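For reference, the structure discussed in these notes is given below.
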Amino acid sequence: ALYAVKVRAEAMQKAAEAVPSGMLSVMGRPEANYKFACLEARKHCESLGIENPVCTVSNYLFPDSRVIAGHLQALEYLQQNARKYYFTRTKMLPVSGAFHTRLMEPAVEPLAEVLKSIEIQKPLLCVYSNVDGRKYMHSKHIRKLLVKQVVSPVLWEQTMHSVYERKQGTEFPYTYEVGPGNQLGAILRKCNLKAWKQYKHVDALEDEEAAET
């Protein structure tokens, strides 16, 4: 599995170096239309002579929060015209490419090839794919979606809805975020306040220090 991660990372880095691209974190007002903003950013790129430009939502984090990825010129255009598209905050992410977009297509084949050589079993616990927000069903399903994930947007908000879907009156499970930072808990609060009330952050380093003392 770690070898597959290595192959995937190297192939994605190579794809990122081929085109000046990046990712832009965006907070928007309820009336923000991200798809329309991306369309206009692509038109702007075409006016600059860029053929077949890429600018699309690559991460759905929580309501009113998206990551947009694509050509750098498109992202710069969105930053300069943030007010026009009802964006309240934009921030370039410190990454080298437009991950989870078709600019990563050169990385698809290397990952698909290495996954053919790995035995994949059906998970004993429910594991959700952020490609479609649903549970993995069998090994072929896992292999197919891991490849698709390279060029597909991360549906984190939609996955949260699937994970915490409950019949009315059913209690939510306890949720633990283990490790440094509590960003996933903050996102959960935005997606599902009732589920977040059963959330707890566990800092592994703090627990180790407490055990030592």
Side-chain angles (χ1 to χ4, degrees), residues 8 11-13 15-108 128-134 144-165 183-193 195-196:
R8 177 181 181 270
M12 289 173 73
Q13 182 59 35
E17 289 168 0
V19 178
S21 58
M23 303 180 83
L24 181 72
S25 175
V26 176
M27 292 283 288
R29 284 160 53 183
E31 59 266 45
N33 186 328
Y34 302 96
K35 286 185 178 179
F36 177 69
C38 289
L39 173 64
E40 295 223 316
R42 291 195 297 273
K43 286 180 179 177
H44 168 73
C45 286
E46 287 171 352
S47 74
L48 299 176
I50 298 171
E51 289 184 18
N52 207 11
V54 172
C55 183
T56 186
V57 174
S58 62
N59 294 64
Y60 293 81
L61 297 176
F62 56 86
D64 304 327
S65 178
R66 303 282 185 271
V67 175
I68 294 174
H71 282 79
L72 280 180
Q73 295 90 334
L75 304 183
E76 288 163 359
Y77 169 84
L78 291 178
Q79 279 192 301
Q80 291 161 8
N81 294 275
R83 195 178 273 186
K84 176 183 177 182
Y85 300 113
Y86 303 103
F87 297 163
T88 55
R89 194 185 71 186
T90 61
K91 183 183 178 183
M92 287 295 295
L93 298 181
V95 295
S96 57
F99 302 121
H100 305 293
T101 72
R102 61 178 170 79
L103 287 176
M104 290 294 112
E105 280 177 358
V108 167
Y128 289 78
S129 167
N130 61 36
V131 172
D132 58 11
R134 298 175 185 168
K144 178 183 175 183
L145 288 178
L146 283 177
V147 172
K148 198 173 178 183
Q149 199 257 3
V150 174
V151 291
S152 300
V154 174
L155 305 185
W156 188 264
E157 180 184 343
Q158 295 87 333
T159 303
M160 289 293 94
H161 292 318
S162 294
V163 169
Y164 292 100
E165 190 176 7
Q183 188 179 12
L184 298 182
I187 293 174
L188 175 60
R189 185 176 184 177
K190 298 274 190 181
C191 290
N192 193 321
L193 186 59
W196 176 80

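Scope of the values below: all heavy atoms of this structure, side chains included, with no hydrogens, waters or symmetry mates. Bear in mind that the values here come from a model prediction, so they are computed numbers and not experimental data.
- In this structure, Y164 places its OH atom where more than 12 heavy-atom neighbours from other residues, nucleotides or ligands lie under 6.0 Å away.
- Under the 3.5 Å distance criterion, the side-chain polar atoms of T101 are left unmatched by any main-chain donor or acceptor of G70.
- The shortest heavy-atom contact between S21 and G97 is OG-CA, 3.5 Å.
- Taking both residues in full, the closest heavy atoms of V54 and A74 are given as O-CB, 4.3 Å, listed atom of the first, atom of the second, then distance.
- Within 6.0 Å of CZ in R189 there are 12 or fewer heavy atoms belonging to other residues, nucleotides or ligands.
- Side-chain atoms of S65 never come within 3.5 Å of backbone atoms of L61 as a donor-acceptor pair (strictly under, hydrogens ignored).
- Panel note: side chain S58, backbone V67; a donor-acceptor pair is recorded below 3.5 Å.
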* Pair Q79-M92, side-chain contact (heavy atoms from CB on, under 4.5 Å): steps then yes or no -> CA-CA 9 Å; Q79 279 192 301; M92 287 295 295; 3.7 Å; yes
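- The backbone N or O of F62 lies less than 3.5 Å from a partner atom in the side chain of R66, making a donor-acceptor pair.
- Atom-to-atom distance recorded for S25:OG and L75:CG is 11.5 Å, nearest 0.5 angstrom.
- From Q158, atom CD reaches atom CE of M160 across 10.5 Å, with rounding to the nearest 0.5 Å.
- Atom CD of E31 has more than 12 heavy atoms from other residues, nucleotides or ligands within 6.0 Å.
- The aromatic rings of Y34 and F87 sit parallel to each other, their planes meeting at less than 30°, with 60° as the upper class boundary.
- One finds the CG atom of L48 at 10.5 Å from the NE2 atom of H71 (value rounded to the nearest 0.5 Å).
- When every heavy atom of Q13 is checked against every heavy atom of S96, the shortest pair comes out as OE1-OG, 3.0 Å.
- The minimum heavy-atom distance linking A37 with L78 is given by the pair O-CD2, 3.5 Å.
- Atom OG1 of T159 sits about 7.5 Å away from atom CG of D132, to the nearest 0.5 Å.
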* Worked check of side-chain contact (heavy atoms from CB on, under 4.5 Å) between K148 and L145 -> CA-CA 5 Å; K148 198 173 178 183; L145 288 178; 4.2 Å; yes
* To do: Could you walk me through whether F99 and V154 pass side-chain contact (heavy atoms from CB on, under 4.5 Å), step by step?
  => CA-CA 10 Å; F99 302 121; V154 174; over 6 Å; no
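- Across all their heavy atoms, S152 and H100 have their closest contact at O-CB, 3.1 Å.
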* To do: Any chance you could lay out the side-chain contact (heavy atoms from CB on, under 4.5 Å) test for E40 and Y77, step after step, and finish with the verdict?
  => CA-CA 9 Å; E40 295 223 316; Y77 169 84; 3.9 Å; yes
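- Heavy-atom neighbours of Q183 CD from other residues, nucleotides or ligands within 6.0 Å: at or below the threshold of 12.
- A distance of 8.0 Å separates CD in E46 from CG in N52, rounded to the nearest 0.5 Å.
- S129 and Q149 form no side-chain donor-acceptor contact under 3.5 Å, judged by distance and modelled atom types alone.
- For C191 against H161, the heavy-atom pair with the smallest separation is O-CE1, 3.6 Å.
- Other residues, nucleotides and ligands contribute over 12 non-hydrogen atoms within 6.0 Å of the NZ atom of K84.
- Counting only distance, with no hydrogens or angles, the side chain of T88 and the backbone of R29 share no donor-acceptor pair below 3.5 Å.
- From L39, atom CG reaches atom OG1 of T56 across 11.0 Å, with rounding to the nearest 0.5 Å.
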* Asked: For Q80 and E76, what are the C-alpha separation, side-chain angles and deciding distance, and is it a side-chain hydrogen bond (donor to acceptor under 3.5 Å, both in side chains)?
  -> CA-CA 6 Å; Q80 291 161 8; E76 288 163 359; 5.4 Å; no
